[in-house]
Structures are given as C-alpha cells and as structure tokens.
Amino acid sequence: MTKSLIMKIKLVADDAYLPALMKLLSQAKKRIDILSYSFAIGSASGKLTTSSAPYQIAMKLIEIKKKHGSKIRIRLFTEGLRETNLRNRVTAKELEAVGVEVVYGSTHAKGFCIDDEFLLFGSTNLTNQSIRKNREANLLIEDKATSKEFLRYFNYLWKGGKHGGIKLRPPFLADGDFKDALIEMVNSAKKRVDFSIYFFNHREIEAAIVEAHQRGVKVKGFIHQHGSFALSYIRANRATLKRMRAQGLDDLHLSVFRTFFHSKYMVIDGKEILLGTGNWLKEDVEIHPQLYIQLSNTRLAKALLKHLDDQIENDV
C-alpha cells in the first residue's frame, strides 16, 4: 500500500513552521521553489502589514534575491483565480520587483523546495492566521528523490497544467488521487484509524470510516468548526459528525471556536500516514489542485498521534 522511505523527515506543526522555514530559506544556495494558495503580506487594496509573518517571509526572499542576484532562482506559483488572489498579487508585486519569477494559476497545494533537496510541505498557508494562530501539520523532508517529485508537480503547474492531468510517483499523490488512497488505507486498517481534518463532507470517505468501525477498528477523529466564515462548510462538518456518531463512532470531536484547526492527515494502525493539503470535500477531490504524501513511518505516525491527542485534550 505505502512504501517505507529512507529519508530525513520530521513533523513541523503549528507555530514551529515559521522558524523552520526561515532557517531553511537561510540555507538556500541555488533555488527556491514555492507553491502557495495564499501568500498575504497585506490587504487586497495594497496596505502592507509589516508586523506579519508572511511579510517577514517575503522580506527574507527579497533579501536573498538581492544578495545573490542571478546566482539564485526563486519561483512562486500562486493562486490567481479564487478569492485569495488579490492579496497574492500584492505580495507578488513586491517579489517581482527584485527578480522573483511569479506564475498565477489554480492551486490549493503549498510548500517550499530548497536547492532540489529540502522540502517543507503541508497544510500551512502563508497568512498570519495560518502561521501564528492555527493548528497545522507539515513535514520537513531532506531527500532529493522526494523533492524531485514535488518539483515535477510544481513544474507541471508552472507550465499551465490543470487538475487531474498528472500522476505522481510515490510518495506523492496529485490532486484528487488522495481520495482513493485514503479509502484504500481505511479499508486495510486492522486496529486503528486516527485523523484530523478541517472540512469533512465526502460520503465515500465517511462510509469507509464507518465500515472500518463496524468491523471492529478503533476510530478517533478531530473535525474543525468555527463561527466566522464559510459557515456552510461548518454546518456540513457538524452534519458529518452527527451521522457518524449515529453509527456508533463515539470518539469523534469538534473543535472549540477559539482556535482554527487546519491540519489534514490520517494515521492507520499507528504506522501508515496520509498528510496533505486537500479537505475531504467533493470539490477538493474533483476541482482544486492538491498534494498529499503517503508514507509508512512509525516514528512520524507517533508524532502525529500526539498532535491529535493534544488537539482533543486542549481544544474541545
């Protein structure tokens, strides 16, 4: 089902993201390739928020480009269609002024690849909310083969590729391919299914998890809720939870309103991992470009299970 990979890999969760990214950027020598859904250093009208984490990241990129000039290539592929695109364009204008290359398109994937070897990838958007306040889950990977496959997806989008037009090699899954992989993992579970998800309204995924419970697999899940925007998705989250609880899944939890839980991962039997950018929604499977990674790694799974337990203990 999944392949064990020999690589240097660790979980970068929540507010550990910014220091990990800044350290990574400081090491860059030749290339920085960035996928972003939202990169917001200010408002859509152009007013910059100089105290924000995204502004700090943008200034670091500008500093690097000014220092190294043509010796380093920095590319940004960012969302140019959905509602976040106006703020993205404000950021891109600042970066383009010093020679950063920018292409707009459709993506919900996010990540940084440094010198074709180091990869920071996961759920965190380049917004102050996401970096400094949200509960997020990312992976920091040092591995040339894994970075190469991330860059194959990056270059596909960079050249105008669309959702569903590329199949990636393990450990990555492009776009909607994560759905079938997720269901296959759940169907193979023997003891445990543990997950954390931001938006959950997908009946096939729901049915697979319910069936796992019915055959005796222990299921623990954490689903986000808030009260400020996209409330139709929050109502759908609550409806999903209600249906699943009615089927006897009593270890499912909704978050409190005070914190955003934006992570997207599943752990099977304390070993198999699926982590990425796509919500468990029909549109995130069928329309919006996504990226997931599928791994077999007991140590990493343990870290994710601790992250999940911390969320449930502190924020329900």
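Any value given below was found using the heavy atoms of this structure, including those in side chains, with hydrogens, waters and symmetry copies removed. The first residue of the sequence shown is numbered 1, and numbering continues consecutively from there.
Panel note: side chain His108, backbone Thr277; a donor-acceptor pair is recorded below 3.5 Å. Under the 3.5 Å distance criterion, the side-chain polar atoms of Ser130 are left unmatched by any main-chain donor or acceptor of Leu126. Put simply, the side chain of Ser188 gets close to the backbone of Met185: a donor and an acceptor are under 3.5 Å apart. Between the side chain of Arg82 and the backbone N or O of His288, no donor-acceptor pair lies under 3.5 Å.
In this structure, Glu211 pairs ionically with Arg215, as a charged nitrogen and a carboxylate oxygen lie closer than 4.0 Å. A salt bridge is absent between Lys8 and Asp143: the closest approach of a Lys/Arg side-chain nitrogen to an acidic carboxylate oxygen does not fall below 4.0 angstrom. With salt bridges taken as basic N to acidic carboxylate O contacts below 4.0 Å, none links Asp115 and Lys30. Using a 4.0 Å cut-off between charged side-chain N and carboxylate O, Asp251 and Lys218 make a salt bridge.
Stacking of Arg87 on the aromatic ring of Phe39 is not recorded, the 6.0 Å distance cut-off and the 45° axial limit not both being met.
A donor atom on one side chain and an acceptor atom on the other are found under 3.5 Å apart for Asn138 and Thr124. Counted by atom type alone, Lys60 and Ser26 present one or more donor-acceptor pairs between their side chains at under 3.5 Å.
Of the inter-residue distances, the one linking Leu291 atom CG with Leu35 atom CG reads 7.5 Å to the nearest 0.5 angstrom. With rounding to the nearest 0.5 Å, the separation of CD in Glu117 from NZ in Lys144 is 5.0 Å. Atom NE2 in His224 sits 9.5 Å away from atom NZ in Lys264 (nearest 0.5 Å). Note that CD1 of Ile205 is 10.0 Å distant from CG of Asn201, once rounded to the nearest 0.5 Å.
For the ring-ring contact (aromatic ring centres under 6.0 Å, His included) criterion with His226, the lone passing option out of Phe257, Phe261, Phe260 is Phe260. Screening Glu206, Glu204, Glu184 against Lys179 for a salt bridge (charged side-chain N to carboxylate O under 4.0 Å, His left out) leaves a single residue, Glu204. Partner Phe121 forms a ring-ring contact (aromatic ring centres under 6.0 Å, His included) with one of Tyr153, Tyr292, Phe172, Phe154 and no other, that one being Phe172.
Remark: Tyr17 pairs with no residue by the side chain to side chain donor-acceptor pair (under 3.5 Å) rule, at least two apart or across chains. Annotation: side chain to side chain donor-acceptor pair (under 3.5 Å) contacts of Arg75 (sequence neighbours excluded): Asp33, Asn155.
A ring-centre distance under 6.0 Å is not found for Tyr198 and Trp280.
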